[in-house]
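In what follows, a structure is listed as C-alpha cells, so that the remarks can point back to it.
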Amino acid sequence: MTPTRPRRIVVAITGATGAIYGVQLLRRLGAVPGVETHLVLSDAASLTLHQEVGMQRRDVEALAHVVHKNREIGASIASGSFQTDGMVIAPCSMKTLAAVAHGLADNLVARAADVILKERRRLVMMVRETPFNLAHLRNMTAVTEMGAIVFPPLPSFYHRPASIDEMVDHTLDRVLDLLGIDNPQAARWSGMRADAPTA
C-alpha cells in the first residue's frame with residue numbers, strides 16, 4: 001500500500017509590501033498536521049522582510065518544511081509531475097503578477113506559478129499595490145482567465161479587529177478556506193447583529 005503523501009502548499013514571498021502575510025501564512029500552515037510547505041523567496045523579499053517585520057531570510061526559511069532558491073529552476077516545484085495542492089504568493093508584487101500573466105517563467109516563483117496553472121491547481125495571488133494602473137488591471141484579468149484567484153489582502157472590519165495581527169489573520173483565514181484547509185478558529189459572518197438599526 002502506497003503511503004499517503006502530505007498536502008504540499010507552495011508559498012512564495014515577493015518584494016511587495018505585506019511580507020507579514022507570507023510569514024504568518026507559513027506559521028499557520030506549519031501548525032496544520034499533514035501539510036508540507038515549500039517556500040520560495042524572491043530576491044527583493046529579503047529586503048522587505050527585514051524592513052517590515054525585522055526578520056532575516058534564514059529566520060523565514062526556518063518556518064518552512066522545504067526551501068527552494070529563486071534561481072533554482074530545476075527544483076521539484078518547477079515540474080508538474082511533482083504533486084502539489086496549491087500555491088499562494090503572499091504578497092505578490094506587480095512584477096511577479098506581470099511575469100505570471102505573460103508566461104515569463106524566468107525565476108522559480110514565476111515558474112512554480114506557471115506549473116500550478118498548467119496543472120489546473122489552485123493559485124492564490126495576494127497582489128499588493130494601490131492604486132492600480134491599467135497594466136495591473138489587465139494582468140489581473142489575464143491571470144484570472146488562466147485560473148488564478150486574485151486576492152488583494154484588503155482588511156474587513158465586521159469582526160472588529162483590535163490589532164494588525166487580527167486583520168492579517170482574518171485575511172489568511174480566507175486564504176486557508178480557498179486552499180480547502182480546515183480552519184475552525186476562523187471568524188465567520190453569521191448575519192447582522194440583533195441590535196443593528198433598521199432601515
Side-chain angles (χ1 to χ4, degrees), residues 2-16 18-49 53 55-93 95-97 99-100 103-128 143 146-151 153 168 171-183:
T2 304
T4 304
R5 68 166 177 83
R7 296 187 65 183
R8 297 182 181 125
I9 304 297
V10 180
V11 176
I13 302 177
T14 71
I20 187 61
Y21 290 106
V23 171
Q24 192 62 10
L25 179 61
L26 286 170
R27 289 176 175 146
R28 296 280 297 272
L29 291 172
V32 179
V35 170
E36 178 182 280
T37 52
H38 287 250
L39 173 64
V40 190
L41 296 171
S42 76
D43 296 338
S46 296
L47 299 174
T48 308
L49 285 163
V53 295
M55 295 180 73
Q56 301 295 325
R57 173 182 287 265
R58 63 179 177 274
D59 300 322
V60 179
E61 291 177 343
L63 299 173
H65 295 98
V66 183
V67 177
H68 305 279
K69 300 303 182 186
N70 198 32
R71 294 185 176 89
E72 189 184 353
I73 296 300
S76 58
I77 59 174
S79 173
S81 67
F82 183 75
Q83 294 180 312
T84 60
D85 299 281
M87 177 176 181
V88 184
I89 308 177
C92 180
S93 66
K95 177 183 178 182
T96 298
L97 170 67
V100 176
L104 303 178
D106 59 346
N107 59 50
L108 189 55
V109 172
R111 172 58 186 170
D114 190 68
V115 166
I116 293 288
L117 290 174
K118 79 182 184 68
E119 298 295 330
R120 306 299 191 265
R121 299 169 187 163
R122 176 81 24 120
L123 174 62
V124 180
M125 306 180 73
M126 300 183 72
V127 296
R128 274 293 302 119
V143 297
M146 294 158 68
I149 296 176
V150 175
F151 191 109
V168 169
T171 297
L172 293 178
D173 286 341
R174 300 292 308 280
V175 172
L176 294 176
D177 284 348
L178 289 172
L179 294 173
I181 293 175
D182 190 38
N183 187 25

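- Note that CD1 of Ile13 and CD1 of Ile20 are 9.5 Å apart. Values are rounded to the nearest 0.5 Å.
- The backbone N or O of Gly80 lies less than 3.5 Å from a partner atom in the side chain of Arg121, making a donor-acceptor pair.
- Taking all atoms of both residues into account, the shortest heavy-atom contact from Gly15 to Ser42 is N-OG, 3.4 Å.
- Scored by the side-chain contact (heavy atoms from CB on, under 4.5 Å) test, Ala64 finds Leu26, Thr37, Leu39, Val67 as partners (sequence neighbours excluded).
- Not a single donor-acceptor pair under 3.5 Å links the side chain of Arg111 to the backbone N or O of Ile73.
- Contact record, Pro153 with Val127: CD-O, 3.3 Å, taken as the closest heavy-atom pair.
- The side-chain contact (heavy atoms from CB on, under 4.5 Å) search around Arg7 returns Val35, Asp85, Ile181, not counting sequence neighbours.
- Taking the salt bridge (Lys or Arg N to Asp or Glu O under 4.0 Å) definition, one finds that Arg57 meets it with Glu61, sequence neighbours left out.
- To the nearest 0.5 Å, atoms CD1 (Ile77) and CZ (Arg8) are separated by 11.5 Å.
- Rounded to the nearest 0.5 angstrom, Leu25 CG and Leu176 CG are separated by 6.5 Å.
- Within the structure, salt bridge (Lys or Arg N to Asp or Glu O under 4.0 Å) pairs that include any residue of residues 70-80 comprise Asp43-Arg71 (at least two apart or interchain).
- Checked by atom type, the side-chain pair His68/His38 shows a donor-acceptor distance below 3.5 Å.
- Side-chain contact of Arg128 with Ser93: a donor-acceptor pair under 3.5 Å is absent, judged by distance alone.
- Qualifying side chain to side chain donor-acceptor pair (under 3.5 Å) partners for Ser79, counting only residues two or more places apart in sequence or in other chains: Ser81.
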Is there a side-chain contact (heavy atoms from CB on, under 4.5 Å) between Glu36 and Ile9? Walk through the geometry before answering. CA-CA 6 Å; Glu36 178 182 280; Ile9 304 297; over 6 Å; no
Report the C-alpha distance between Asp114 and Val100 in whole Å, list the side-chain angles of each, state the deciding distance to 0.1 Å, and finish with yes or no for side-chain contact (heavy atoms from CB on, under 4.5 Å). CA-CA 6 Å; Asp114 190 68; Val100 176; over 6 Å; no
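- The CE atom of Met146 sits 12.5 Å away from atom NZ of Lys118, with the distance rounded to the nearest 0.5 Å.
- What you find for Gly18 and Pro91 is that their closest heavy atoms are O-CD, 3.4 Å.
- Across all non-hydrogen atoms, the minimal contact from Arg122 to Ile116 is O-CG2, 3.5 Å.
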Walk me through whether Phe151 and Thr171 qualify under side-chain contact (heavy atoms from CB on, under 4.5 Å). CA-CA 9 Å; Phe151 191 109; Thr171 297; 3.5 Å; yes
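- When atom types are taken as modelled, the side chain of Asn70 and the backbone of Val109 share a donor-acceptor pair closer than 3.5 angstrom.
- If you take OG1 on Thr14 and CD1 on Ile89, they are separated by 7.5 Å, rounding to the nearest 0.5 Å.
- Once rounded to the nearest 0.5 Å, the distance linking CG of Leu179 with CD1 of Ile149 reads 8.5 Å.
- Here Lys95 pairs with nothing under the salt bridge (Lys or Arg N to Asp or Glu O under 4.0 Å) rule; sequence neighbours left out.
- Side-chain contact check for Leu63 versus Met55: some heavy-atom pair is nearer than 4.5 Å.
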